[in-house]
Amino acid sequence: MRKNRKYSKAECLSYLEEYMCSSQNHSEFEREKGLKRTTISRWLRIFGIEDKPSPIMSKKLSQTEQELHDRIQTLSRILCK
């Protein structure tokens, strides 16, 4: 059983940044980092950050939306290096 641990705001945001740059879903990331289940969802809600889109829930995008999505993904990869 994991012991309750208090994370600083900087630690939370650091984990969130790492999560957002990863290809993992919540569960995979939390398991890998030893975080309790639902921690990432809670922190996203607390800090008002929109979660990355789920590949399963993706809808068919128009060409303009797809171009914007591709550009955002490219910029995200550049910033997360």
Side-chain angles (χ1 to χ4, degrees):
M1 182 191 285
R2 296 180 202 142
K3 188 177 182 181
N4 284 345
R5 183 178 184 287
K6 198 82 162 150
Y7 292 91
S8 70
K9 182 177 181 178
E11 288 175 305
C12 294
L13 292 172
S14 176
Y15 273 117
L16 288 175
E17 180 180 11
E18 189 176 346
Y19 162 71
M20 294 298 278
C21 291
S22 78
S23 61
Q24 298 173 308
N25 64 31
H26 292 190
S27 299
E28 294 167 339
F29 187 81
E30 290 162 340
R31 201 170 17 258
E32 179 184 293
K33 300 300 178 184
L35 300 170
K36 287 186 176 184
R37 197 172 77 61
T38 72
T39 299
I40 295 297
S41 295
R42 186 170 20 87
W43 287 348
L44 289 169
R45 190 176 59 254
I46 288 170
F47 293 107
I49 300 171
E50 187 174 327
D51 197 1
K52 59 187 176 183
S54 168
I56 296 170
M57 302 300 276
S58 298
K59 62 173 183 143
K60 178 77 173 137
L61 301 176
S62 70
Q63 184 177 356
T64 305
E65 289 174 322
Q66 185 62 50
E67 289 168 359
L68 286 171
H69 180 266
D70 293 344
R71 183 70 179 142
I72 290 168
Q73 293 299 323
T74 301
L75 292 171
S76 179
R77 279 192 291 277
I78 290 168
L79 290 172
C80 291
K81 286 185 178 178

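Reckoned from all heavy atoms, side chains included, excluding hydrogens, waters and symmetry mates.
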*Asks:* How many angstroms lie between atom CD of E17 and atom SG of C12, to the nearest 0.5 angstrom?
*Replies:* 13.0 Å
*Asks:* What closest approach, in Å, do K6 and E11 show between heavy atoms, and which atom pair accounts for it?
*Replies:* O-OE1, 4.2 Å
*Asks:* Looking only at non-hydrogen atoms, find the nearest pair between M20 and K52 and report the distance.
*Replies:* CE-N, 3.7 Å
*Asks:* For R31 and R37, run side chain to side chain contact (heavy atoms under 4.5 Å, CB included): C-alpha distance rounded to whole Å, both residues' side-chain angles, the deciding distance at 0.1 Å, then the answer.
*Replies:* CA-CA 8 Å; R31 201 170 17 258; R37 197 172 77 61; over 6 Å; no
*Asks:* Looking only at atom types and distance, does a side-chain atom of T74 sit under 3.5 Å from a main-chain N or O of D70, one as donor and one as acceptor?
*Replies:* yes
*Asks:* CZ of F47 to NZ of K9: how many Å apart, nearest 0.5 Å?
*Replies:* 6.0 Å
*Asks:* Can you find a heavy atom in the side chain of L35 that is under 4.5 Å from one in the side chain of W43?
*Replies:* yes
*Asks:* Applying side-chain hydrogen bond (donor to acceptor under 3.5 Å, both in side chains), run through Y19 and N25 and close with a yes or a no.
*Replies:* CA-CA 8 Å; Y19 162 71; N25 64 31; over 6 Å; no
*Asks:* Determine whether H26 and T39 satisfy the following criterion, side chain to side chain contact (heavy atoms under 4.5 Å, CB included), listing intermediate values before the conclusion.
*Replies:* CA-CA 8 Å; H26 292 190; T39 299; over 6 Å; no
*Asks:* Does NZ or CZ of R5 lie under 6.0 Å from the centre of the six-membered ring of Y7, at an angle within 45° of the ring axis?
*Replies:* yes
*Asks:* Out of curiosity, E18 CD to E32 CD, how far, rounded to the nearest 0.5 Å?
*Replies:* 7.0 Å
*Asks:* Might you point out which heavy atoms bring E30 and I40 nearest each other, and give the distance in Å?
*Replies:* OE2-N, 2.9 Å
